[in-house]
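Quick caveat: nothing in here was measured; it's all calculated off a predicted structure. The residues of the chain are indexed from 1 along the displayed sequence.
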Amino acid sequence: MAENRYVEDRYAGGLYGLLIGDALGVPYEFYMAQELPSYEEIEMQPPAGFRKAHSGVDAGTWSDDGAQALCLLDSLLACGSFCLEDFSHRLSGWYEKGLWAVDNIVFDVGIQTGEALSAYQAGLAPEKCGLLRPEGKGNGALMRVLPLALWHRGTDWELAADAHSQCLITHGHVCNQVCCALYCLAARYLLQGLDFGRSMERAIGSLREIYSKMPVYEQELEWSVRPEEPWEGSGSGYVVDCLRSAFMVMESTDCYEAAVKRAVLLGNDTDTTACVTGGLAGILYGFQSIPKRWYHMLKGKEEAEGLLQKLRCTS
């Protein structure tokens, strides 16, 4: 029973860590680091006088990051496997009708994502939509991929392959696929109880083995992601920088609150950096580590809890 509670705490930590990190970062999006409030003042409700990035959005609201992650989890639970067509249909439902968005309101859409989903709605095959911008390397697929790691029971190779595939509808470039695969493998090893450093070692080693016969993917891992170099990032929307930023923060913090606040304080794409970081920190430190003030402020958590309960039944 104790082991089951431990596992459930990590699953809840991952999902809520993602959603709460996203919501925490929403008010500060697009600001430079030097323009942000102090560490102590970073809250879902910014300090008086700070102009929120999305003025009409209530505190505690997740953005496109959280909504798309829930679309992915919903699809996995409904289909029992990753299905690109079903997932693409749910993303289209989010884009058009606000599926899994808080109060069904879509207030933030990446340019590449909007173009890809518009093309999908016009009839383009989903595996082609993410290549409308052949060199598009935004973080729009990375921000939503964590539920795949929470749900998956296959081999590392199978998890990496599904992480690649979920990119195709919006961000098909191999660089995006590699970043998502590494992130999912890191999350998997955190779920198994390893610390962050050991999880990264195992994830990198496993991915190198997988890519040993996939030279294009291997090149992206070694030349773009650069796992041999210190993890450093600036919180931008470039997928490699977003991934490296999250890993940098994870290495330098020791609790969930510090991790997501430090992610926000990088500035730039604050909601996504905190979302990507928050998912990993939530797994590592568990749901119980997430400040209750943030959980209570989170909007839409009743709907998210329904998906989490279904996920628990599959684990």
Side-chain angles (χ1 to χ4, degrees), residues 1-26 42-45 59-63 65-74 76-77 100 102 143-153 183-196 198-200 246-247 249-264 271-315:
M1 289 297 293
E3 182 177 354
N4 288 341
R5 285 196 296 271
Y6 173 88
V7 172
E8 288 185 2
D9 186 58
R10 267 44 186 179
Y11 279 88
L15 187 61
Y16 281 116
L18 177 161
L19 295 172
I20 288 170
D22 179 12
L24 181 70
V26 163
I42 295 294
E43 292 289 340
M44 287 186 175
Q45 183 63 56
T61 300
W62 63 70
S63 70
D65 306 41
Q68 290 186 38
L70 294 175
C71 283
L72 177 57
L73 181 55
D74 191 18
L76 292 168
L77 293 170
W100 289 111
V102 175
M143 69 189 192
R144 68 187 182 222
V145 75
L146 182 66
L148 192 60
L150 300 178
W151 167 89
H152 217 283
R153 299 295 175 269
Y183 181 79
C184 280
L185 289 174
R188 161 168 281 186
Y189 288 114
L190 288 174
L191 282 166
Q192 292 179 6
L194 300 182
D195 62 24
F196 179 72
R198 185 63 179 143
S199 294
M200 290 306 305
F247 291 166
V249 170
M250 289 295 295
E251 277 190 333
S252 61
T253 53
D254 59 4
C255 67
Y256 177 86
E257 180 170 350
V260 291
K261 281 191 171 187
R262 291 299 178 193
V264 170
D271 59 332
T272 301
T273 310
C275 170
V276 173
T277 304
L280 296 181
I283 293 172
L284 178 59
Y285 301 114
F287 174 73
Q288 296 302 320
S289 73
I290 297 175
K292 296 300 181 286
R293 67 184 186 280
W294 290 346
Y295 173 75
H296 292 313
M297 285 189 72
L298 184 69
K299 295 185 174 298
K301 56 182 173 289
E302 296 79 12
E303 289 76 14
E305 183 64 27
L307 283 184
L308 180 61
Q309 291 298 335
K310 291 179 183 178
L311 176 65
R312 285 171 173 150
C313 291
T314 69
S315 61

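- Atom OH of Y11 and atom CD of Q309 lie 14.0 Å apart (nearest 0.5 Å).
- Between the side chain of R153 and the backbone N or O of W151 there is at least one donor-acceptor pair closer than 3.5 Å.
- Taken to the nearest 0.5 Å, the CZ atom of R198 stands 12.5 Å off from the CG atom of L190.
- D271 places no side-chain N or O within 3.5 Å of a backbone atom of D22 that could act as its donor or acceptor partner.
- A259 meets the side-chain contact (heavy atoms from CB on, under 4.5 Å) test with V249, T253, T277, A281; sequence neighbours excluded.
- The shortest side-chain heavy-atom distance between P147 and L311 does not fall under the 4.5 Å cut-off.
- Contact annotation: the side chain of E257 approaches that of R293 to within less than 4.5 Å [non-hydrogen atoms, C-beta and beyond].
- Two residues are said to be in side-chain contact when any heavy atoms from C-beta on lie closer than 4.5 Å; I20 and I290 meet this criterion.
- Distance check: R188 CZ to L150 CG gives 11.0 Å after rounding to the nearest 0.5 Å.
- Two residues are said to be in side-chain contact when any heavy atoms from C-beta on lie closer than 4.5 Å; L19 and L70 meet this criterion.
- Side chains of I42 and L24 form a contact here, defined as non-hydrogen atoms less than 4.5 Å apart.
- Looking at heavy atoms from C-beta onward, T314 lies out of side-chain contact with L76 at the 4.5 angstrom threshold.
- Atom CG of D65 is separated from atom CG of L18 by 7.5 Å, given to the nearest 0.5 angstrom.
- A donor-acceptor pair is defined here as one N or O able to donate and one able to accept, closer than 3.5 Å; such a pair exists between the side chain of R10 and the backbone of L284.
- Nearest heavy atom pair, residue C184 against residue V145, reads SG-CG2, 3.5 Å.
- Cation-pi contact between K301 and Y16: absent, since separation from the ring centre below 6.0 Å together with deviation from the ring axis within 45° is not met.
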Kindly indicate, with the supporting measurements, whether the criterion ring pair (Phe, Tyr, Trp, His ring centres under 6.0 Å) is fulfilled by Y285 and Y256.
CA-CA 6 Å; Y285 301 114; Y256 177 86; 8.0 Å; no
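- Side-chain N/O atoms of W294 and E43 include a donor and acceptor closer than 3.5 Å.
- Closest approach of A304 to L15, counting heavy atoms only: O-CD2, 4.1 Å.
- In this structure, the separation between CD on Q192 and OG on S199 is 8.0 Å, given to the nearest 0.5 Å.
- Expressed to the nearest 0.5 Å, how far NZ of K299 lies from CH2 of W62 amounts to 11.0 Å.
- Proximity of L280 to F247: side-chain heavy atoms (C-beta onward) are separated by under 4.5 Å at one or more points.
- Contact of the W100 side chain with the L73 side chain is not registered, since no non-hydrogen atoms from C-beta on lie closer than 4.5 Å.
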